[in-house]
Participant: 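To start, I am sharing the structure in question, which I have written as structure tokens.
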Amino acid sequence: MNICVIGTGYVGLVTGTCFADFGVNVSCVDKDAEKINMLNRGEIPIYEPGLKELVDKNISEKRLTFTTELCESIKKSLVIFIAVGTPPKDDGSADLSYIEEVARTIAANLNGYKVIVTKSTVPVGTGKFIEDIIEKGQGGEHKFDVVSNPEFLREGSAVEDFMRPNRLVLGARSEQAIAIMKDLYSPLYLIETPFVITDVETSELIKYASNAFLATKVSFINEVANICERVGADVRMVAKGMGLDNRIGSKFLHAGPGYGGSCFPKDTMAITKIARSHGYVFKIVESVIEVNREQRERMIDKIKGLTGELKGARIGILGLAFKPNTDDIRESPAMDIAEKLLAEGVSIKAYDPAGMENARKAMPETVQFCNDAYEVAEGCDALVILTEWNPFRKLDLGRLKSLLKAPRIIDLRNIYDPEVMKKMGFEYVCVGRGETKTGLTFASTFNAPVTEPR
Ligand code: UGA
């Protein structure tokens with residue numbers, strides 16, 4: 001089968017590459033010629049573990065090509081995935097202009113029956129919007145179907161998420177289109193992935209509702225953390241105690257500086273806009289957004305609580321990406337908090353294992369980028385941990401203490417044990433962990449990790 005994937009951003013690149021690995025012939029199309037040249041040289045524009053190896057393998061086995069020739073790719077493909085961006089407009093709603101442009105080009109190049117699939121996160125009603133554009137544009141000559149197939153990939157584990165998803169969602173009106181999609185995804189069928197087959201609108205909403213729910217879990221636990229700090233409880237234990245109830249589940253209950261990235265902030269905003277445009281106020285998600293915004297501000301108060309006056313202070317930042325295993329700094333709480341600190345007159349030293357190149361472009365020249373955590377710590381009034389990269393979990397604390405001007409650590413990802421830090425002579429604050437009443441450390445209370453990995 002020949003397919004094409006339009007848009008070689010995060011979603012398109014992972015989708016195209018993984019389908020090629022399933023044995024399908026894939027053309028990945030983008031109008032950015034420079035990016036296509038890069039990809040043809042085997043250079044990957046994003047940081048995603050395992051992706052480069054898979055791209056190299058499928059290029060050399062001749063199942064994966066990168067091209068700017070959109071019309072040709074449409075003509076030779078049975079299935080066309082639309083994976084172009086839907087960036088938020090000023091009012092928070094999704095901008096569909098790229099989708100519209102692609103739909104018009106598909107209409108102009110339809111040369112037989114085709115399945116057109118939305119892979120980008122699109123507002124409810126976009127499937128119908130695309131269908132109308134193609135219908136009008138090609139004058140009823142050829143049959144086609146529009147399918148909604150939202151992606152649930154997480155940055156940092158996108159290849160694994162594609163190859164072994166929790167579920168596959170397909171929204172379509174036509175049995176023929178579903179049969180073709182099932183065939184395309186047959187390797188997932190073989191590993192017994194549940195397929196949710198529904199109508200287009202329901203499928204489109206499943207995506208938004210899933211991200212909004214996960215964001216709700218994060219804002220919920222962050223509010224619980226704020227209460228923990230007031231009553232002297234420990235949010236990690238609260239999350240553990242809650243999460244062991246299968247109905248709740250332990251994932252996405254890590255308290256911290258709030259959620260970020262290219263998805264949760266955009267999708268929570270968009271779903272509230274979708275609801276309002278249909279005369280409904282989605283109160284829970286509107287609060288989730290507000291709690292997330294306030295949580296970032298709270299982190300500044302925490303830093304101030306330890307360092308006192310911020311003006312003139314030198315603060316070290318560990319982690320700039322919105323989460324570990326990615327170089328993505330979009331809507332990163334770390335970047336936001338750094339910006340707020342700069343506005344307070346702080347001078348910043350920073351390090352991130354993958355996100356520095358992107359951060360450098362977005363931050364003022366006064367920010368000093370370092371080669372590791374120890375270089376950051378040297379001469380700082382405090383060190384703030386903002387992204388829970390693995391290398392930050394096992395730092396040589398004695399060395400850090402000797403390098404810092406004052407032994408202060410603000411651990412906004414709760415990766416260290418407050419008791420240990422106190423014993424080592426650090427002034428230490430974290431998120432939602434009041435004094436433990438029993439005096440037991442987490443490790444001695446449970447054999448298992450306090451919360452499961454995400
Ligand atoms: C998210 C979803 O998890 C994917 O299923 C979805 O496909 C993707 O959005 C998308 O719509 O494209 P991603 O943005 O890569 O994936 O990141 P997550 O791992 O979900 O983390 C999102 C944010 O929540 C991060 O800032 C993370 O630090 C934060 N988070 C997550 C917490 O603060 N606490 C948690 O317990 C979990």
Side-chain angles (χ1 to χ4, degrees), residues 3 5 7-24 26 28 44-58 64 81-86 117-122 147-171 181-182 184-197 203-204 206-215 217-218 249-254 259-268 321-328 330-331 354 387-390 451-454:
I3 69 166
V5 180
T8 57
Y10 195 82
V11 175
L13 187 54
V14 173
T15 303
T17 307
C18 290
F19 272 128
D21 209 58
F22 281 177
V24 177
V26 184
C28 286
I44 309 296
I46 52 171
Y47 175 93
E48 184 59 43
L51 188 59
K52 178 162 169 48
E53 293 75 2
L54 221 54
V55 169
D56 288 347
K57 174 178 166 229
N58 286 283
L64 181 63
F81 283 88
I82 305 180
V84 296
T86 54
V117 189
T118 53
K119 201 68 180 141
S120 312
T121 305
V122 293
V147 173
S148 158
N149 171 216
E151 60 79 25
F152 300 98
L153 312 175
R154 287 163 303 169
E155 292 189 19
S157 48
V159 173
E160 175 66 15
D161 286 351
F162 190 96
M163 298 291 188
R164 299 186 179 278
N166 290 161
R167 80 297 206 187
L168 185 85
V169 176
L170 294 173
M181 293 302 288
K182 276 188 173 168
L184 197 53
Y185 278 112
S186 55
L188 299 188
Y189 220 63
L190 297 176
I191 57 166
E192 296 182 8
T193 304
F195 279 36
V196 178
I197 297 178
S203 167
E204 288 169 342
I206 287 172
K207 167 67 193 202
Y208 279 111
S210 301
N211 271 1
F213 188 78
L214 291 172
K217 282 188 96 172
V218 175
S250 60
K251 305 218 162 140
F252 281 72
L253 288 180
H254 296 258
Y259 60 78
S262 65
C263 306
F264 283 8
K266 170 170 83 73
D267 293 351
T268 45
F322 82 97
K323 66 173 192 178
N325 296 326
T326 177
D327 62 351
D328 198 342
R330 285 177 288 176
E331 299 281 338
T387 315
E388 69 279 32
W389 280 94
N390 273 342
T451 42
E452 282 175 32
R454 282 170 204 162

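Treat the numbers as computed from the prediction; the structure is a model and nothing was measured.
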Participant: Would you say Leu64 and Cys28 make side-chain contact, with heavy atoms under 4.5 Å?
Facilitator: yes
Participant: Run the side chain to side chain contact (heavy atoms under 4.5 Å, CB included) test on Ile197 and Lys182 for me, step by step, so that the C-alpha distance in whole Å, both residues' side-chain angles and the decisive distance to 0.1 Å come before the verdict.
Facilitator: CA-CA 10 Å; Ile197 297 178; Lys182 276 188 173 168; 3.5 Å; yes
Participant: Could you tell me which non-hydrogen atom of Val5 sits nearest to which non-hydrogen atom of Ala83, and how far apart they are?
Facilitator: CG1-CB, 4.2 Å
Participant: For Phe213, which residues count as a ring pair (Phe, Tyr, Trp, His ring centres under 6.0 Å) partner, sequence neighbours excluded?
Facilitator: none
Participant: Is the backbone N or O of Leu54 less than 3.5 Å from a side-chain atom of Thr17, with the two atoms forming a donor-acceptor pair by type?
Facilitator: no
Participant: Could you tell me the separation between the CD1 atom of Ile191 and the CE atom of Met163, rounded to the nearest 0.5 Å?
Facilitator: 9.5 Å
Participant: To the nearest 0.5 Å, tell me how far Tyr10 OH sits from Ser262 OG.
Facilitator: 8.5 Å
Participant: Classify the angle between the aromatic ring planes of Phe19 and Phe162 as parallel (below 30°), tilted (30 to 60°) or perpendicular (above 60°).
Facilitator: perpendicular
Participant: What is the minimum heavy-atom distance between Leu13 and Pro45, and which atoms define it?
Facilitator: CD2-CD, 4.1 Å
Participant: Return the minimal non-hydrogen interatomic distance between Pro265 and Tyr259, and the atom names on each side.
Facilitator: N-CE1, 3.8 Å
Participant: How far does CG of Leu153 sit from CD of Glu160, to the nearest 0.5 angstrom?
Facilitator: 11.5 Å
Participant: Any sub-3.5 Å donor-acceptor pair from Lys119's side-chain atoms to Asn149's backbone N or O?
Facilitator: yes
Participant: Nearest 0.5 Å please: distance from the CG atom of Asn211 over to the OG1 atom of Thr268.
Facilitator: 8.5 Å
Participant: State, with a plain yes or no, whether a side-chain heavy atom of Glu151 is found less than 4.5 Å away from one of Asp161.
Facilitator: no
Participant: Which heavy atom of Val84 sits nearest a heavy atom of Ser120, and at what distance?
Facilitator: O-OG, 2.6 Å
Participant: If the condition is side chain to side chain contact (heavy atoms under 4.5 Å, CB included), which residues does Thr326 pass it with, not counting sequence neighbours?
Facilitator: Glu155, Ala321, Phe322, Lys323, Asp328
Participant: Assess the residue pair Phe152 and Val169 against the criterion (side chain to side chain contact (heavy atoms under 4.5 Å, CB included)); give the C-alpha distance rounded to whole Å, side-chain angles, the decisive distance to 0.1 Å, and a yes or no.
Facilitator: CA-CA 9 Å; Phe152 300 98; Val169 176; 3.8 Å; yes
Participant: Verify, without hydrogens or angle tests, whether Glu48 (side chain) and Ser157 (backbone) share a donor-acceptor contact under 3.5 angstrom.
Facilitator: yes
Participant: Show, in sequence, the C-alpha distance, side-chain angles and deciding distance for Leu188 and Phe195, and conclude whether the side chain to side chain contact (heavy atoms under 4.5 Å, CB included) test is met.
Facilitator: CA-CA 9 Å; Leu188 299 188; Phe195 279 36; 4.2 Å; yes
Participant: Atom CD1 in Ile206, atom CZ in Arg167: separation rounded to 0.5 Å?
Facilitator: 8.0 Å
Participant: For the side-chain contact (heavy atoms from CB on, under 4.5 Å) test, which of Val147, Leu170, Ile3 pairs with Val117?
Facilitator: Val147
Participant: Got a donor-acceptor contact below 3.5 angstrom from the Lys52 side chain to the Ile44 backbone?
Facilitator: no
Participant: Test Asp21 against Lys57 for side chain to side chain contact (heavy atoms under 4.5 Å, CB included), laying out the working first.
Facilitator: CA-CA 8 Å; Asp21 209 58; Lys57 174 178 166 229; 2.7 Å; yes
Participant: Can you sort out the partners of Asn325 under side chain to side chain donor-acceptor pair (under 3.5 Å), two or more places apart, ordered by chain and number?
Facilitator: none
Participant: CZ/Phe22 to OH/Tyr185 distance, rounded to the nearest 0.5 angstrom?
Facilitator: 7.5 Å
